[in-house]
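Step one of this worksheet: look at the structure below.
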Amino acid sequence: MPDLKDAAPSSFFLPRLPRAVLWSLGGTALVFAVLWMELINQLKAEWSLNPQYSYGWTVPLLAVFLLWKRWERRPSPAPPRSQRGPIAIVALAALCFFPLRFVAEANPDWRLISWSLAFAIASISLCSVFLAGGWPWLRHFAFPILFFLVAVPWPAQFEQALVQTLMQWQTAMNVAMLNAGGVSATQHGNVIEVSTGLIGIEEACSGVRSLQATFMISLFLGELYEFSVPRRVILIIAGAVLAFLCNLVRTALLVWVGAKSGAKGIENWHDPAGWIILFVCVFGLWLLSLR
């Protein structure tokens, strides 16, 4: 039996453990904090400069909150008998981390490097959890760890293809609604021609920003309310549909104002409409999760 004379007081999070063990746990937590802070340092420029990923600043806090909730109801650990495989993965990921970090310093906006760093750090974290508690802990803590990946910018080619598709859909639907409302409108690619001039559906109006934010919120709410996998999938799909419809209402409002008042009217309504629709989208998704 270990000597508990020098043990630290017990707490809700940790049982009564020797101070040496607590120091070891604290050192391990510090190492992981440094690793994840390195990833945050890599992504902070994208989160700060690209409004599309500004929600990324909230993801680390939400991930820590979900990890804390899972820790409260963690299962009994069952460390694996063989540790060679996980240790080998940790060693390989650690070896990849250092050259990736140097390349990222010279190419901070290279998304492939960001994803590589994220996968390396997530692999180290997941394997460490597996070594500590086996399959019960890996299954239990995998979601909060992998949840952080929603803050990593999407691959550029996939993102651009999605943006172009959304812009085409938004433009076509707005032209149809204008003509149905008695306003003559013609589509030229992503541009709508009306009597007051040309109105362009740009990337900011494509709805991809709302789609990404809603995807993150759907995953968070599904975990927060401990939904089953089918319900989480339904919530994600419903969030995507809601984000698209809300953005369609926003662009329809701006195009209608532009058709009546010109570019000046669009400038006055652009930001307020964006914030209102985003609030409606998030609030609607939360109400749906409560149902």
Side-chain angles (χ1 to χ4, degrees), residues 43 46-56 58-59 109 111-112 114-115 149-181 183 185-194 197-222 232-259 263 265-267 269-286 288:
L43 300 175
E46 194 83 42
W47 295 349
S48 299
L49 301 177
N50 190 347
Q52 189 172 319
Y53 293 101
S54 59
Y55 69 88
T58 65
V59 172
D109 57 345
R111 296 185 178 183
L112 177 61
S114 297
W115 276 102
L149 298 181
V150 300
V152 183
W154 292 357
Q157 292 183 344
F158 171 76
E159 182 181 284
Q160 286 301 315
L162 180 61
V163 167
Q164 291 297 325
T165 301
L166 290 174
M167 286 194 298
Q168 290 286 340
W169 289 356
Q170 295 283 346
T171 305
M173 291 183 180
N174 275 283
V175 168
M177 287 189 292
L178 285 174
N179 288 323
V183 178
T186 306
Q187 179 178 356
H188 303 285
N190 299 330
V191 178
I192 301 175
E193 181 181 359
V194 293
L198 300 176
I199 303 174
I201 303 296
E202 301 175 351
E203 292 188 12
C205 298
S206 65
V208 69
R209 180 181 177 183
S210 301
L211 183 65
Q212 290 172 315
T214 304
F215 177 66
M216 181 270 291
I217 296 171
S218 299
L219 290 174
F220 174 75
L221 291 176
R232 296 189 190 208
V233 173
I234 292 173
L235 188 62
I236 292 172
I237 295 174
V241 173
L242 183 62
F244 180 81
L245 293 178
C246 287
N247 192 69
L248 179 62
V249 172
R250 172 177 176 254
T251 54
L253 173 63
L254 294 176
V255 170
W256 181 271
V257 170
I266 295 179
E267 293 179 5
W269 280 92
H270 188 275
D271 290 341
W275 284 109
I276 292 173
I277 292 301
L278 180 61
F279 174 78
V280 171
C281 184
V282 173
F283 187 71
L285 188 61
W286 176 63
L288 179 62

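Computed from heavy atoms alone, side chains included, the values below leave out hydrogens, waters and symmetry copies.
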| said: Does the plane of the ring in Trp286 sit parallel, tilted or perpendicular to the ring in Phe283? Use 30° and 60° as the thresholds. | reply: tilted
| request: List the atom of Ala151, the atom of Gly56, and the distance in Å for their closest heavy-atom pair. | output: CB-CA, 4.1 Å
| query | With no hydrogens and no angle check, do the side chains of Tyr55 and Gln212 hold a donor and an acceptor under 3.5 Å apart? | reply | no
| message | Restricting to non-hydrogen atoms, name the atom on Leu242 and the atom on Gly284 that form the minimum distance, rounded to 0.1 Å. | response | CD2-C, 3.9 Å
| query | With sequence neighbours left out, what residues match Arg232 under salt bridge (charged side-chain N to carboxylate O under 4.0 Å, His left out)? | reply | Glu223
| query | How would you list, by chain and number, every residue that makes a side-chain contact (heavy atoms from CB on, under 4.5 Å) with Ile234, sequence neighbours excluded? | reply | none
| query | Out of curiosity, Thr58 OG1 to Ile217 CD1, how far, rounded to the nearest 0.5 Å? | reply | 7.5 Å
| task | Apply the test side chain to side chain contact (heavy atoms under 4.5 Å, CB included) to residues Leu166 and Phe244: give CA-CA distance (whole Å), side-chain angles for both, the deciding distance (0.1 Å), then the verdict. | result | CA-CA 9 Å; Leu166 290 174; Phe244 180 81; 4.0 Å; yes
| query | Quick check: are there more than 12 heavy atoms from other residues, nucleotides or ligands sitting under 6.0 Å from CH2 of Trp169? | reply | no
| query | Measuring from Gln52:CD to Ser210:OG, what's the distance to the nearest 0.5 Å? | reply | 10.0 Å
| request: State the CZ-CD distance between Arg111 and Gln157, to the nearest 0.5 angstrom. | output: 11.5 Å
| remark: For Pro51 and Ser54, the nearest pair of non-hydrogen atoms, with its separation, is O-OG, 3.0 Å
| field | Shortest non-hydrogen contact between Gly239 and Thr214, atoms and distance | value | O-CG2, 3.1 Å
| request: Take Trp154 and Leu162 through the side chain to side chain contact (heavy atoms under 4.5 Å, CB included) test and state the conclusion after the steps. | output: CA-CA 11 Å; Trp154 292 357; Leu162 180 61; 3.4 Å; yes
| remark: Contacts of Leu43 meeting side-chain contact (heavy atoms from CB on, under 4.5 Å) (sequence neighbours excluded), chain-then-number -> Leu39, Trp47, Ser114, Phe148, Val152, Pro153
| Out of Val280, Ile236, Leu235, which residue meets the side chain to side chain contact (heavy atoms under 4.5 Å, CB included) rule with Leu285? | Leu235
